[in-house]
Protein chains: 2
Amino acid sequence: MALSGEYQERYGLDIPEWRVLATLGFRNDACSAQYISDCTRTHKSTISRAVMTLMQRQIVERVENAHDRREFRLRLTKEGKTLYQELIPRLLRKEREILSCLTAQERKELACLLGKIEKSLDLVQTRQEADTEQAY
Amino acid sequence: MALSGEYQERYGLDIPEWRVLATLGFRNDACSAQYISDCTRTHKSTISRAVMTLMQRQIVERVENAHDRREFRLRLTKEGKTLYQELIPRLLRKEREILSCLTAQERKELACLLGKIEKSLDLVQTRQEADTEQAY
DNA sequence: CTAAATTAGTCGCATCTGCAACTATCTTAA
DNA sequence: TTAAGATAGTTGCAGATGCGACTAATTTAG
């Protein structure tokens, strides 16, 4: 959608890469690839590849986890944090632009309604074994 | 999303194929591939391939347009109409299921809010030369 | 009328991304 | 303790789809 142009065209990030960046930046703390996969509902192979690319671009780094040597702790590098901080205001501005056709009250209502649906869908999905997300 | 499972798993239709079927079924009248491409915001090559598949499955048929021999008039076959009529109630039921967490009043509000955003986005998009649609 | 520009549709190509198999590691149960 | 099962992450593969070039037909401008 309109938002993705902001990070894709301007920063050369594809969608999974943005998801990794956003998750790490939002949490501001190390986490596993599996965690990112879970909370963005993106297949772990896709996240794996996005992490590889971001490591090559020195946006993300990973360190071994001494307690579980299967997984890695992922976190943003200095450059990664800078990139994240640079992107956030742009995206918020874009979001405001998109929602500018609604009043403050309407925006609040919309968030509330979508929240309800999301909550209800999450139940359904976990109940019947995670659907693949697809648009329309 | 949850809806697509209905036509994908049950009827072997992928998303572009469903879009063709839905457009032709909804209009209940012949139209060009370009028209479908426009109103579903799907690239014409994708629509072209979907139409090919649907023709092989005898769901869609096309006839030459005497007035413009570049384009074809597309329409559903008898089987196509049957399939469409069979799918509609299933999809509506699914939609009701998804929206069942909202009251009637809330559903109306949601439709209204989304309508406003869509309208506003359409203007923006045509102004800056059709973004590619992408989810988050 | 003719040449350039536009439009409908097709096709090759590249990219994206999910699936499933695989390795390595960890956990659980007998 | 050991064997079976679960889990994290990687990779080969295949399907889906957008892009751009191409052909054929039509429209527009000079």
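Keep in mind that the numbers below use all heavy atoms, side chains included, and drop hydrogens, waters and symmetry copies. A note on names: the letters A, B, ... follow the listed sequences, proteins ahead of strands, and every chain is numbered from 1.
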- More 5' along DNA chain D: Thr46(A) or Glu71(A), using each one's nearest nucleotide? Glu71(A)
- Query: So which nucleotide from dG9(C), dG9(D), dT17(D) ends up closest to the side chain of Phe72(B)?
  - Reply: dG9(C)
- Item | salt_bridge(Arg57(A), Glu79(A)) N-O dist < 4.0 Å | no
- Query: So which heavy atom on Ile36(A) is nearest to which on Cys31(A), and how close?
  - Reply: CG1-SG, 3.8 Å
- Is it true that Arg73(A) and Glu64(A) have a side-chain N and a carboxylate O under 4.0 angstrom from each other? no
- Message: Using the side-chain heavy atoms of Ser32(B), tell me which of these nucleotides is nearest: dG18(D), dT17(D), dG9(C).
- Response: dG9(C)
- Message: Regarding Arg73(B), tell me which of base, sugar-phosphate or nothing describes its non-hydrogen contacts under 4.0 Å with the strands shown.
- Response: nothing
- Message: Are more than 12 heavy atoms, taken from residues, nucleotides or ligands other than Arg75(B), located less than 6.0 Å from that residue's CZ atom?
- Response: no
- So, Thr77(A) side chain and Gln58(A) main chain: donor-acceptor pair closer than 3.5 Å or not? yes
- Under-3.5 Å donor-acceptor pair between Ser45(B) side chain and dC19(D) base: yes
- Task: Specify the residue among Pro16(B) and Tyr35(A) whose closest nucleotide of DNA chain D lies further upstream toward the 5′ end.
- Result: Tyr35(A)
Write out a two-atom table: protein N or O, nucleotide N or O from nucleotides 25-27 of chain C, distance below 3.5 Å.
residue, atom, partner, partner atom, Å
dT25(C), O2, Arg70(A), NH1, 3.3
dC26(C), OP1, Arg69(A), N, 2.8

- Task: Return the nearest nucleotide to the side chain of Thr42(A); candidates are dC19(D), dA16(D), dG18(C).
- Result: dG18(C)
- Base of dG9(C) paired with side chain of Arg49(B) (donor-acceptor, under 3.5 Å): no
